Amino acid sequence: MTAENMYEIQEVRGQLASAASSEVIIDLNKVNKWYGTFHVLKDIDLTVHKGERIVVCGPSGSGKSTLIRCINHLEEHQEGDIVVDGITLDQNLKNIDHIRTEVGMVFQSFNLFPHLTILENLTMGPIWVRKLPKVEAQEIAMKYLERVKIPEQADKYPGQLSGGQQQRVAIARSLCMNPKIMLFDEPTSALDPEMIKEVLDVMVELADTGMTMIVVTHEMGFAKIVADRVIFMDEGDIVEQNEPFEFFKNPQHDRTKQFLSQIL
Amino acid sequence: MAIVTTEQTSPREAPLSERSIVGWVHKNLFSSVLNSILTIISLYVVYITVKGLWVWGIGDAVWIADNRRQCFKISIDGACWAGVIAWLDNIFYGRYPREELWRVNLGAILLFIWMAPLWLPRVKAKIFIGLTTVFLYPFLAGYLFAGGGKDIFMQVMISAAIICLAGNTVHSIIGMITGGSLPEALIRLLGKKDTSEKTQRNILYGILGFSFVMVFLWQLGWSVETVSWTKWGGLFLTLVVSGVGIASALPGGIILALGRRSKLPVIRVLSTAFIELFRSVPLITVLFMATTMFPLFMPEGFVLNKLVQVIIAVCLFNACYMAEHVRAGLQAIPKGQYEGAHTIGLGYWGTMGLIIMPQALKHMIPNIVGSFIGLLKDTTLVSIIGLFDILGMLRSISRDTPWLGLHKEPLIFGAMLFFLVCFAMSKYSRHLEVKLSTDHKQ
């Protein structure tokens, strides 16, 4: 995001009030993960409260994507405990499927289903997983399409939409499952600058509704407005975490200082 | 200094070569002296070939004669199509009893009626129609072709097939006229449109059950005479063997491909071993194994009909080839699609059935149809193990006394038949590809 429109959002909205409650919804305890022999996550401890909005940043290869992908078990961790919404992630497939219905995820590459229309993309989960009648699922889908401001694209195929529109559809697709937590894995990294804003706007609005969100992003303007907490990761460690104002103003650790000086 | 274009450039007409036939001919055929000479030589070669074929096959050909000697008398260097015409019934039906031929024809017509809705644009529930074709039609047709006594299983399957056929047909007609579906129309007809979804469903099940009982009772009253499989032959036999092969190869291939990519080691190893074993052996070997070796391993007195053995061998063989095509298609689907499906909570079967397979199969259409065409042509191998399929029939014309030594014409006729069927399949696959492509249009 350019400095200019980052300013624009702040100007219009100011910082969002925190919606975090005291109820713990995600709890990571001494989580370790290796890709082969490479140690990607090292003793990660993280507690997320209901309604809390967390931005994770850090240089590439620092393990931030891996961290959030462990939360809905797209990646398997080898040591430690991950408890999501009171359910421990283990080998039990039923638990994993259940958690995935409660945790929505948005990817850098959208991952929409190219053979289905936008509306079918959105109703897939509600119809086949939540077992809702088709009409009801379509109503829900249209509701969320309106919320991401592209109801007129419902009958098109993903290939006919711009990147920003596709990403908003992807957000709507996750919301259709009525998740308790939303994970964003660099949602704007694959987008042209003018499309980044439309996606961030949607995310800011979503944050405004009190959704629990964990966002991996380099959009520091977004972090300043939305985040209750910013987490900086490097080489598999959580190096520093703080509320955004302090985080950007007074970074404590040398690595954080270096990172911030590079991206701001 | 800034360079500013003040006037917009207006579009001009394309050059002559892009918009007229004369221009195209000039650009592509006569652009230089050498190209002109090459064009003229090629045209001459085409001319003498076509002319020779025309004179032999149509100009000087004999269409009506009693035997080959008469053919020669009428025209010494023309084709003797009279032999092929005299054997047409044999070529199409083999030695199927002539008074029972209507059964084969009826089977073909039923298949056509069953599958026609798949091509009609406004009909809904095409997947259901396609599935019933694959899983129910074979029972109905099988009984129609083979005849004899029906055991209880066959009776149930035949009744189900008849109901599905009738239902599909009515459904398609309704769909073509109103764009609706059969269940909707039934509910409206009974005036139960305002009742709850559950009542409506129960009414539909009631109608379904009632019609099933009626059809079941009705089919008890008739049966058709047994026609031994040894009498089956010609194009009919070829289409039966390849048809069953085609219908079962895809489901079998999908199961084997999923097995080969499974995370469960036992399933993976078994599927891989099965695929590699069948793929590494020529079809003819598999056919010989099935018909001559297999009975040796069976207990004394265990007699399986040779045709069934051949069909099973063809099915297994082709399922293995298909499995590799499907696997290639699966590998072309990016990992993100699996992740996207997982994050909306779909499990393994939901992900595969709703997200991955539809995309993979779409990518695979050219290969799948290529494989079907290969299968159709490969079935002629069964003539080697003593089944009189179309190739066997075509070759036996030359051993028939009146047409002794007539080789060329029957084989050319066979080639034309095969070309017709295979070319139609290939064209249809191209049409499907275009129709199903959604991801590339911008």
Side-chain angles (χ1 to χ4, degrees), chain A residues 68-69 71-75 93-94 96-118 120-131 133-136 156-162 169-170 172-179 181-183 185 190, chain B residues 124-128 180-181 183-184 187 193-201 262-265 329-330 332-365 432-442:
Chain A
I68 68 167
R69 289 160 63 86
I71 292 174
N72 65 353
H73 209 267
L74 284 181
E75 302 283 353
L93 287 176
K94 263 224 169 83
I96 294 169
D97 280 346
H98 179 74
I99 283 171
R100 282 177 180 163
T101 63
E102 304 294 343
V103 182
M105 184 154 184
V106 174
F107 300 89
Q108 180 178 353
S109 52
F110 326 134
N111 296 346
L112 295 176
F113 309 131
H115 62 304
L116 301 174
T117 64
I118 300 305
E120 287 166 340
N121 264 280
L122 265 65
T123 53
M124 194 61 94
I127 290 177
W128 291 92
V129 180
R130 295 265 191 241
K131 311 281 180 206
K134 200 174 166 192
V135 184
E136 203 175 313
K156 290 196 183 161
Y157 286 94
Q160 297 167 290
L161 269 56
S162 73
V169 171
R173 181 177 71 181
S174 287
L175 292 177
C176 280
M177 290 299 288
N178 198 12
I181 304 161
M182 284 287 284
L183 307 174
D185 188 2
Chain B
K124 288 177 183 167
K126 284 191 181 153
I127 292 179
F128 178 78
S181 72
E184 284 170 21
I187 292 295
K193 208 170 178 333
D194 304 325
T195 50
S196 73
E197 209 167 297
K198 206 173 170 192
T199 339
Q200 291 188 1
R201 202 177 307 146
S262 167
K263 284 196 184 116
L264 311 170
L330 288 175
I333 306 298
K335 200 169 152 234
Q337 290 292 311
Y338 292 89
E339 294 179 349
H342 288 326
T343 49
I344 57 168
L346 290 172
Y348 177 78
W349 293 109
T351 305
M352 283 299 171
L354 297 168
I355 309 298
I356 305 300
M357 271 301 164
Q359 294 185 59
L361 291 181
K362 208 164 70 183
H363 289 309
M364 301 319 301
I365 289 174
L432 264 187
E433 261 175 76
V434 174
K435 199 173 139 195
L436 294 179
S437 75
T438 55
D439 40 353
H440 306 303
K441 64 179 170 200
Q442 282 288 334

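Computed from a predicted structure; not experimentally measured. To find a chain, count down the sequence lines: A is the first, B the second, and so on, and within it residues start at 1.
Using modelled atom types, no side-chain atom of A:Asp97 and backbone atom of B:Gly347 make a donor-acceptor pair closer than 3.5 Å.
To the nearest 0.5 Å, atom CD1 of residue B:Ile355 and atom CG of residue A:Asn121 are 7.5 Å apart. For the atom pair CD (B:Gln337) and NE2 (A:His115), the distance works out to 7.5 Å, reported to the nearest 0.5 Å. A distance of 7.0 Å separates CE of A:Met124 from CG of B:Leu346, quoted to the nearest 0.5 Å. To the nearest 0.5 Å, atoms CG (B:Leu354) and CD1 (A:Ile127) are separated by 10.0 Å. Here A:Asn111 contributes atom CG and B:Lys335 contributes atom NZ; the two are 10.0 Å apart, rounded to the nearest 0.5 Å.
A:Phe113 touches chain B through backbone and side chain together, each having a heavy atom under 4.5 Å away. Only the backbone of A:Leu112 comes within contact range of chain B, with heavy atoms under 4.5 Å apart.
The two atoms that bring A:Arg100 and B:Gly345 nearest to each other are CB-CA, 4.2 Å, heavy atoms only. In this structure, B:Gly340 and A:Arg173 approach most closely via the heavy-atom pair CA-NH2, 3.9 Å.
Take A:Arg69 and apply the side chain to side chain donor-acceptor pair (under 3.5 Å) test, not counting sequence neighbours, and it matches A:Glu75, B:Glu339.
Looking at heavy atoms from C-beta onward, B:Ile344 lies out of side-chain contact with A:Val129 at the 4.5 angstrom threshold.
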